[in-house]
Amino acid sequence: MAFFGDKTYLGAEIGTTTIKLVELIKSGKEIRLKNYGILETYGYLERFNNALQTSSLKALESEISAYLSIILQRAKIRSRNATVSLPAFSAFTTLIELPDIPEGELPSAMAFQAKQYVPLPIASVKLDYIKVGERTDENGLKLQQIFLVSIPNEQIDRYQKIFNGASLNLNALEVEGMSLARVLTKGIKEATMIVDLGARSTSFAVAKDGFLRFEAQTDFAGGSLTQALASGMNISPRRAEELKQQRGLLAAGAESELSTLMLPILDVIINEARRAKENFEKSYKEGITSLVLTGGGANLLGIEDYFTKQLAVKTVRANPFRNIIYPPEIEPIIKKSGPAFAVALGAAIRNLV
Ligand SMILES: Nc1ncnc2c1ncn2[C@@H]1O[C@H](COP(=O)(O)OP(=O)(O)OP(=O)(O)O)[C@@H](O)[C@H]1O
Ligand SMILES: [Mg+2]
């Protein structure tokens, strides 16, 4: 029952292989999980090779609206107000350094600066920015560091259409890294790297106390691991996916071929993480001391230890539901699938904190 003053809210992630919705309710200071839903899309594994190509990812808006409607109905979700998170590759983010000008002058300075950094005409994007730090350069000049996010209007229109098509009000759009930062790093004062291992892409977000500071991305991801197994063992993508999920990196004996085939791909992802870490540390002059794995790929058995060893940075699997109240009987689901819902959860919380 919704009491007076209770607020419900939806967060959504439209991933390459899945659509996820999380419905939260806030009463007083408590945030509870009201409902969640996940739907696998596009017959991903059947069209495995196609699914890795960008063009086929452009599923029709009407198709995605229909999927959203199905989740709303099946999960009995009532809220109609939603925030959606966009993958890093559909937006543009960068760190800008400006002299320490008065706050009131920031909007016009940013409008001017953004032209130099954003690869699209400024009129065709929506800009959002936040001051994330300060530093003094070699000449003693004080600089403020601004994190700039620009989302093409074309993307905004597309998502508006998709959500309206499912009778939802799309109240906000943000990049996935912002949602992840909010849900995984609030209250943590040291810089943390969040690695989101999806199906089609892996993103590297550096965040501090709930805010995104830096973002990078690679196309090597969960799908690449499955593909390496399928072609290396000459088995179907579906079988490869099963083996990957059941055994992960822990298979021994005759099955150690699984690790032999997957580790080179993981090494590529880890090298990208190292590069992102070094880039962040150079720009911000501060170190990253911990790493959190999220997205479906975070469930790969043995992955935390492998990351910790290769990167020499303590790596853990994300627990995005740590500050959310949920019924005890779904604990096993939260344990198993929690990381896959991190983005949608972070988006849902946007309007509740
Ligand atoms: N138990 C598991 N072990 C290993 N990998 C897993 C496991 N469960 C799911 N995955 C992988 O997680 C990936 C899907 O993750 P997720 O749901 O985060 O992706 P997505 O959001 O749809 O994709 P993207 O973010 O790339 O658009 C798939 O590659 C899948 O194989
Ligand atoms: Mg994803």
Side-chain angles (χ1 to χ4, degrees), residues 11-22 36-49 51-54 56-59 64 67-68 71 84-91 174-180 183-184 194-205 215 217-230 236-251 258-259 261-263 265-266 269 272 292-304 306-307 317-318 320 332-333 335-347:
E13 181 195 359
I14 313 223
T16 312
T17 55
T18 50
I19 294 178
K20 296 143 197 149
L21 282 181
V22 169
Y36 62 91
I38 183 165
L39 195 74
E40 216 177 293
T41 53
Y42 323 152
Y44 167 64
L45 287 170
E46 278 71 28
R47 284 189 261 155
F48 187 72
N49 290 316
L52 296 172
Q53 286 160 21
T54 329
S56 70
L57 298 177
K58 282 206 143 196
I64 304 178
Y67 285 135
L68 278 173
I71 305 179
V84 70
S85 292
L86 271 58
F89 57 76
S90 51
E174 62 182 16
V175 288
E176 287 179 358
M178 295 165 79
S179 311
L180 291 170
V183 75
L184 296 174
I194 305 167
V195 178
D196 180 355
L197 269 150
R200 185 211 146 178
S201 68
T202 300
S203 70
F204 309 93
E215 207 168 32
Q217 181 247 321
T218 169
D219 283 344
F220 287 89
S224 331
L225 295 174
T226 305
Q227 198 173 36
L229 292 183
S236 72
R238 189 161 283 280
R239 178 69 190 133
E241 181 69 28
E242 260 171 35
L243 280 173
K244 178 179 85 168
Q245 296 207 11
Q246 285 163 3
R247 307 271 193 280
L249 302 175
L250 303 183
L258 289 176
S259 301
L261 290 168
M262 285 194 285
L263 289 183
I265 310 274
L266 274 182
I269 295 173
E272 287 299 316
V292 182
L293 291 173
T294 190
N299 296 326
L300 187 77
L301 297 172
I303 192 173
E304 297 135 278
Y306 193 67
F307 261 74
R317 191 166 167 272
I333 299 175
K335 260 214 157 110
K336 181 163 181 279
S337 307
F341 282 100
V343 168
L345 181 60

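These figures come from a predicted structure and were not determined experimentally. In each ligand, atom 1 is the first atom listed, and ligand 1 is the first ligand listed.
For ligand 1, the atoms sitting less than 4.0 Å from at least one non-hydrogen atom of T16 are 20 (P), 22 (O), 23 (O), 24 (P), 26 (O), 27 (O), numbered in the order shown with element in parentheses. Residue-ligand proximity, G297 to ligand 1, at heavy-atom distances under 4.0 Å covers atoms 11 (C), 12 (O). Ligand 1 places these atoms under 4.0 Å from at least one heavy atom of G295: 18 (O). For ligand 1 and E241, the ligand atoms under 4.0 Å from any heavy atom of the residue are 30 (C), 31 (O). Near G222, meaning under 4.0 Å from any of its heavy atoms, are these atoms of ligand 1: 29 (O). For ligand 1 and K244, the ligand atoms under 4.0 Å from any heavy atom of the residue are 4 (C), 5 (N), 11 (C), 29 (O), 30 (C), 31 (O). Those atoms of ligand 1 that come under 4.0 Å of a heavy atom in L300, given as number and element, are 3 (N), 4 (C).
Side chains of Q245 and E241: a donor-acceptor N/O pair is present below 3.5 angstrom, by distance only. Side-chain N/O atoms of T18 and E40 include no donor and acceptor closer than 3.5 Å.
Taking the side chain as every heavy atom from C-beta outward, L258 and L250 never approach each other to under 4.5 Å. Residues P339 and L293 are not in side-chain contact: their nearest non-hydrogen atoms beyond the backbone lie 4.5 Å or more apart.
No heavy atom of Q246 sits closer than 4.0 Å to any atom of ligand 1. Using a non-hydrogen distance threshold of 4.0 Å, P87 does not register as a contact of ligand 1. Distances shorter than 4.0 angstrom occur between a heavy atom of G223 and an atom of ligand 1.
For the pair A251 and S259, the tightest heavy-atom approach, listed with the atom from each and the gap, is O-OG, 4.4 Å.
Between A340 and ligand 1, not a single N/O pair is under 3.5 Å apart. Geometrically, ligand 1 and G15 share no nitrogen or oxygen pair separated by less than 3.5 Å. For a threshold of 3.5 Å applied to N or O pairs, the pair formed by R200 and ligand 1 contains at least one separation below that value. Checked by distance only, ligand 1 and G296 come closer than 3.5 Å through their nitrogen or oxygen atoms. Remark: ligand 1 and E176 share no N or O pair separated by less than 3.5 Å (distance only, no angle test). Close N/O approach between D196 and ligand 1 is not found [any backbone or side-chain N/O within under 3.5 Å].
For the atom pair OG1 of T17 and CD1 of I38, the computed distance is 7.5 Å after rounding to the nearest 0.5 Å. With rounding to the nearest 0.5 angstrom, the CD atom of E272 is 8.5 Å from the CZ atom of F220. If you take CZ on F341 and CD1 on I333, they are separated by 8.5 Å, rounding to the nearest 0.5 Å. The CE atom of M262 sits 14.0 Å away from atom CD of Q227, with the distance rounded to the nearest 0.5 Å. To the nearest 0.5 Å, atoms CG (L261) and OG1 (T226) are separated by 12.0 Å.
Of all the N, O or S atoms in E13, the one closest to the Mg ion (ligand 2) is OE2.
Judged by the 6.0 Å distance and 45° axis criteria, R317 is not positioned over the aromatic ring of F307.
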